Amino acid sequence: MATLLGTDDVRRAIARIAHEIVERDRDLPGIALIGIRSRGDVLAARLRDAIRANEGVEVPLGLLDITLYRDDLTRIGYTAQVKETRIPFSVDGRTVVLVDDVLFTGRTVRAALDALTDYGRPRAIRLAVLVDRGHRELPIRADFVGKNVPTALGDDVRVRLAEADGLDCVEISKAGGAA
Amino acid sequence: MSDVSWSRRHVLAADDWTKEEIELVLDTTQPMLEVLSRPIRRAPPLRGRTVILYFSEASTRTRVSFEIAAKTLSADVVSISASGSSVEKGESLLDTVRTLEALGGDIVVMRHASSGAPYFVAQRCNAAVINAGDGWHAHPTQGLLDAYTLRRALGSLDGRRIVIAGDVLHSRVARSDIETFVPLGARVTLSGPPTLMPPAWLRGGAPKGVELEPDLDRALDGADAVIALRLQRERQDAGLIPSLREYTRVWGLTEGRVARMRDGAPVLHPGPMNEGIEIEPAVAHGPRSLIESQVTNGVAVRMALLYLVATGEAASAGERAPSLEAVA
C-alpha cells in the first residue's frame, strides 16, 4: 500500500479544481455540482464549499446513484443495492459538473451521463475527478483532474475522505502485492 | 459500493423472510419512488426482459401497478387475463404458464383464485414467479407496500401496535401484513366479527406477535395505525355477518373511532374501498388517510421486487428462461 496523495495534496487538488470549474465557464450562476455515490458526493460538497468561500456563491448540489444504469447488473453475480438519488434542482440549461473520486474504465461516467439525461437537458456536462488512473474502456475523459496516476490494470486505487473514512488520502495497492 | 444479498428466485409469500430481506426491499423502494418523481419516469435495469402479467382473477390496481412498475424499469410487458385467453378453452394452468414462458417470459406476475397456485407454477417452470395474490393465502407485495407506508409514516415499525380491522378470514392482505410487520418488530391486533376470523386463531393458534381483540374501540385505544380490510361482499353469502348495516355499526371505521388511536396515527386500506361500509368517507379522505400514498408506494415496492428478482444472485446464475424447444 503506497500513498499517492496525502491530506494536504487532497486539499490542494480540491481547491485547484474549484478554481478551474469557475474559470472554465465563467457562468457561476449556471453551474451545478452532482456527485456520484459514494465518494463523489463528498467531493462535490467540498467543491461547493470551496466555491462558496472563494466566490461567495452557493452552487446547487446534487447526489447521483448510478446503480440502475450499470451495464453489468446481471453479470456481477451479486445484488447491487440501489441508493437514493437527490437532484433538488432542474438540470435544464445548466452546466452540470459531475464529480467522482476515481476515473478508471469510464463505465460509471457513462452510466451517470445516461442517468442525467433522464433529468433533463443540461447546457453542458463536465467531469471532475480526484484521480485519473487510466485504462479507459469507453471514449470518456475528465475536464478537471486532481492527479493523473499511471497504474497497472489490476491495481487497487482507493480514495479516503474524512467524512466517510476518517481521513483524507489516496492510496494504491499494486496488483498481486501483499495488500 | 456496499452490496447486499438477495438470493430469492421467486416472491411467493413473506412467511419465511428474514428481517434483513424485508428491509432490503423497503430500502430499495425509496430510490424507486425517486425514479417515479422524475421528469422522465424511466430507468433501464430490466431492458430486454419480458414480464408477463397473468391475472386470472379480477384486479385493476394491482395489475396496473405491476405494469407501471415493470415499464418504468424498461421491461417489455405482456398482459393476459383468464377471460379471452385459452384458459376459457380448457387449457390447464401449467400449460398456459409453460407457453407464456416459452414465449420469452423472464418473470411471471400472477394472480389466481386458488391458494398455492403460484407455488405450483414456480416449481414447474424456469421463469421467476411473483405472487400478486392467491386465494385467501398471500399477497406479499401488499404486505410490503403497507410496511413501507407505515415505516415512512411512523419512522419504524419496531414496538408499534398496528390494528387490522374487518374480514380477516378471507383476507390474504391480512396474512401478508402480519408476515411482514411482525419480523420488523410490530405487534398486530386483529379486530372483527368472530365469524370472519380464522377459527384456529380464535382457539389460541394465532401467529406470533398477533393478538385478537373483538371490540374495535378497545383495539384502537392507543394504537399506532389501523388497516381497514375490504368487506368481501362477494364472499358473504354464507351468512357470516347479520347485515351490512350491522357490520358498519360495529366494525366500520368512523372519525370517532380513529380518534381513539395516538395523535396522527394513520389509516390504511388496501382498496378497493366500500366507502360507508368498512370505512367512513370522512376517514378515507381525512387527514390521517394514507390510502392514496399506498397506491404510489405500491408501484415503487413492485419496482424494487422486480429489480431484486431480475438482478439478484439467483437471476445472475444464468437461469434464463429456456427457448422454444421447451414447448416442442
Side-chain angles (χ1 to χ4, degrees), chain A residues 34-42 62-94 96 100-102 104-105 107-122 156-159 164-165, chain B residues 1-9 20-21 23-49 69-70 72-75 106-107 128 152 300-321:
Chain A
I34 295 181
I36 301 173
R37 293 187 88 130
S38 59
R39 293 287 179 282
D41 52 338
V42 176
L63 164 68
L64 183 63
D65 180 277
I66 55 96
T67 306
L68 291 171
Y69 294 81
R70 289 174 67 147
D71 57 9
D72 58 354
L73 276 174
T74 56
R75 293 161 186 266
I76 51 183
Y78 57 85
T79 311
Q81 187 165 6
V82 187
K83 302 226 174 91
E84 190 191 2
T85 291
R86 195 167 53 238
I87 302 181
F89 50 85
S90 167
V91 301
D92 284 335
R94 283 188 187 275
V96 172
D100 204 359
D101 56 352
V102 178
F104 183 20
T105 61
R107 288 181 189 269
T108 299
V109 175
R110 195 281 310 160
L113 291 171
D114 275 1
L116 262 189
T117 59
D118 284 350
Y119 288 87
R121 186 179 186 279
D156 185 23
V157 175
R158 188 149 299 172
V159 171
D165 313 290
Chain B
M1 189 167 296
S2 72
D3 293 292
V4 286
S5 178
W6 178 267
S7 55
R8 285 185 187 273
R9 182 94 182 106
E20 288 70 31
E21 286 175 301
E23 286 183 334
L24 174 59
V25 175
L26 305 188
D27 291 344
T28 307
T29 299
Q30 182 65 37
M32 296 304 179
L33 269 181
E34 190 275 331
V35 174
L36 291 170
S37 72
R38 290 181 194 171
I40 297 171
R41 294 171 23 145
R42 184 137 312 199
L46 266 64
R47 220 158 31 124
R49 306 300 191 88
T72 304
L73 296 179
S74 304
D106 298 290
I107 299 175
R152 205 169 148 110
V301 161
R302 288 165 184 130
M303 288 168 68
L305 281 170
L306 287 167
Y307 168 78
L308 291 169
V309 166
T311 67
E313 285 151 36
S316 307
E319 292 183 68
R320 291 297 299 273

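In the text below, chain A, chain B and the rest are named by the order of the sequence lines, each starting its count at 1. Note that the structure is predicted; figures quoted are calculated from it, not measured.
- A:V82 pairs in a side chain to side chain contact (heavy atoms under 4.5 Å, CB included) with only one of the listed residues (B:T28, B:L308, B:T311, B:V35), which is B:T28.
- A distance of 7.0 Å separates OH in B:Y307 from OG1 in A:T79, rounded to the nearest 0.5 Å.
- Crowding of A:R110 atom CZ: a count of heavy atoms from other residues, nucleotides or ligands under 6.0 Å exceeding 12.
- Contacts between B:R38 and chain A at a heavy-atom distance below 4.5 Å involve the side chain alone, from C-beta outward.
- A:I87 is not listed as a side-chain neighbour of B:E34, based on a closest heavy-atom distance of 4.5 Å or more.
- The residue among B:P39, B:A43, B:P44 with the most heavy atom pairs within less than 4.5 Å of chain A is B:P44.
- Minimum interatomic distance between B:D27 and A:Q81 (heavy atoms only, all atoms of both residues): CB-NE2, 3.8 Å.
- B:R47 CZ: 12 or fewer foreign heavy atoms inside a 6.0 Å radius.
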Q: Test side-chain contact (heavy atoms from CB on, under 4.5 Å) on A:L68 and B:M32 and set out the steps.
A: CA-CA 10 Å; A:L68 291 171; B:M32 296 304 179; 3.8 Å; yes
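- Heavy atoms of A:S90 lying under 4.5 Å from chain B are absent altogether.
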